[in-house]
2 protein chains.
Amino acid sequence: MNALPWDAYASGCPTRMVLDRIADKWTVLVLGLLGEHPWRFNALLRKIEGLSQKVLSQTLKRLERDGLVSRTAFATVPVTVEYAITPLGRTLAGALGALIQWSESNIESVQAAQREFDARHRAGVEAPAHP
Amino acid sequence: MNALPWDAYASGCPTRMVLDRIADKWTVLVLGLLGEHPWRFNALLRKIEGLSQKVLSQTLKRLERDGLVSRTAFATVPVTVEYAITPLGRTLAGALGALIQWSESNIESVQAAQREFDARHRAGVEAPAHP
DNA sequence: CAGCATCCTTGTCGATACTG
DNA sequence: CAGTATCGACAAGGATGCTG
């Protein structure tokens with residue numbers, strides 16, 4: 001069943017473009033929220049701390065172009081815009097949600113590894129010296 | 001079970017750092033290979049087309065520091081270095097592999113969505129005109 | 001509210017050359 | 001073989017101001 005003609009390890013393969021887009025911090029966080037329910041633009045902006053309006057705008061536009069997110073404008077005044085995940089996007093949401101879950105579950109292991117690595121490399125790289 | 005004190009949506013949260021690292025195109029591809037079996041540096045470099053030696057070096061060093069990959073040097077001549085996935089890294093490999101799988105499985109849907117989006121936006125954005 | 005346009009500062013990356 | 005070091009090009013990203 002792995003007879004697909006695509007190979008993400010080939011440089012010219014278009015899957016690279018897709019992988020580059022979905023393997024993105026902001027994409028993961030945005031799709032993580034849209035997987036729950038539709039969101040308004042400014043609601044996303046407030047929820048995802050540290051995300052600028054410019055980058056959110058770019059991210060949503062790319063996701064819409066890739067068919068992962070739908071954009072619906074309501075003719076209220078002022079205008080209301082709602083972003084929702086598409087069926088295609090939903091097939092991806094689980095995999096991305098797993099990344100968030102993994103990060104939150106394993107952050108402490110990663111931090112411990114970092115401390116050990118840093119200590120080992122501030123010491124003697126090999127065979128830690130003792131005073 | 002979601003009572004973890006971490007929240008990837010908070011800007012100061014360290015999970016952000018982890019998410020930023022693992023949600024990276026090269027990380028996904030490298031860990032995808034190391035999940036199969038250990039690899040040598042230049043073997044990875046040849047396998048992952050378009051990846052420069054500098055970026056591979058950086059990526060591997062970060063993965064090693066984060067405790068996801070182990071580096072073993074053998075005192076042959078010339079020196080031989082083998083990179084392998086750690087137990088911690090293995091808990092992540094499945095989630096990352098899913099991203100590659102999704103890319104290769106859904107690239108055509110994404111490309112179709114892009115074509116439709118572009119056509120719609122070259123036309124009149126709303127109500128496609130007909131000659 | 002939901003953006004777009006602009007400027008400008010960073011960092012990221014590729015190319016190249018050199019080391020143990 | 002397995003890297004490190006340096007440079008320059010480029011693009012991503014933040015800050016700000018303006019529009020429908």
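Below, chain A is the first sequence line, B the second, and so on; all start at residue 1.
Note: CG (A/Leu56) to P (D/dG13) measures 12 Å, nearest angstrom. Rounded to a whole Å, the CD atom of B/Glu82 is 12 Å from the P atom of D/dG3. For the pair A/Gln53 CD and D/dG13 P, the computed distance is 14 Å after rounding to whole Å.
Residues B/Leu4 and A/Ile107 form no side-chain contact, since every pair of their non-hydrogen atoms from C-beta on lies 4.5 Å or further apart. Here the side chains of A/Trp39 and A/Leu34 are in contact, with some heavy-atom distance below 4.5 Å. A heavy-atom distance below 4.5 Å is not found between the side chains of A/Arg16 and A/Asp20.
Along DNA chain C, the nucleotide closest to A/Pro78 and the one closest to A/Gln58 are compared, and the more 5′ of them pairs with A/Pro78.
Distance alone, capped at 3.5 Å, places no donor-acceptor pair between the B/Tyr83 side chain and the B/Phe41 backbone.
Partners of B/Glu108 under the salt bridge (Lys or Arg N to Asp or Glu O under 4.0 Å) rule, at least two apart in sequence or in another chain, do not exist in this structure. For A/Ser52, there are no side-chain hydrogen bond (donor to acceptor under 3.5 Å, both in side chains) partners two or more places apart in sequence or in a different chain.
Remark: A/Ser52 is not in phosphate contact with D/dG13, judged by side-chain N or O atoms under 4.0 Å from OP1 or OP2.
One hydrophobic cluster, built from ILVMFWY side chains closer than 4.5 Å, cannot hold both A/Leu31 and B/Phe117; they sit in different ones.
Atom CG of residue A/Leu56 and atom CG of residue A/Leu44 lie 5.5 Å apart, to the nearest 0.5 angstrom.
Protein chain A contacts DNA chain C from C/dC1 to C/dC7, reading 5' to 3' and using non-hydrogen atoms of the protein with a distance under 4.0 Å.
Of all heavy-atom pairs between A/Leu99 and B/Ile22, the closest is O-CD1, 4.0 Å.
No engagement by A/Phe74 is indicated, since no non-hydrogen atom pair under 4.0 Å with the nucleic acid exists. Looking at heavy-atom distances under 4.0 Å, B/Val81 makes contact with sugar-phosphate atoms alone, never a base. Using a 4.0 Å heavy-atom distance criterion, B/Val79 is classed as a base contact.
Annotation: proximity of residues 15-50 of chain A to DNA chain D (heavy atom, distance under 4.0 Å) is found for A/Gly50, numbered in ascending order. Within residues 66-73 of chain A, no residue has a heavy atom under 4.0 Å from DNA chain D.
Annotation: A/Gln58, atom CD; neighbour count of heavy atoms from other residues, nucleotides and ligands within 6.0 Å is above 12.
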Run the side-chain donor-acceptor check on residues 59-69 of chain B: report pairs under 3.5 Å with partners two or more places apart or on a different chain.
from, atom 1, to, atom 2, distance (Å)
B/Thr59, OG1, B/Val55, O, 2.7
B/Arg65, NE, A/Asp118, OD1, 2.9
B/Arg65, NH2, A/Asp118, OD2, 2.8
B/Asp66, OD1, A/Gln114, NE2, 2.8

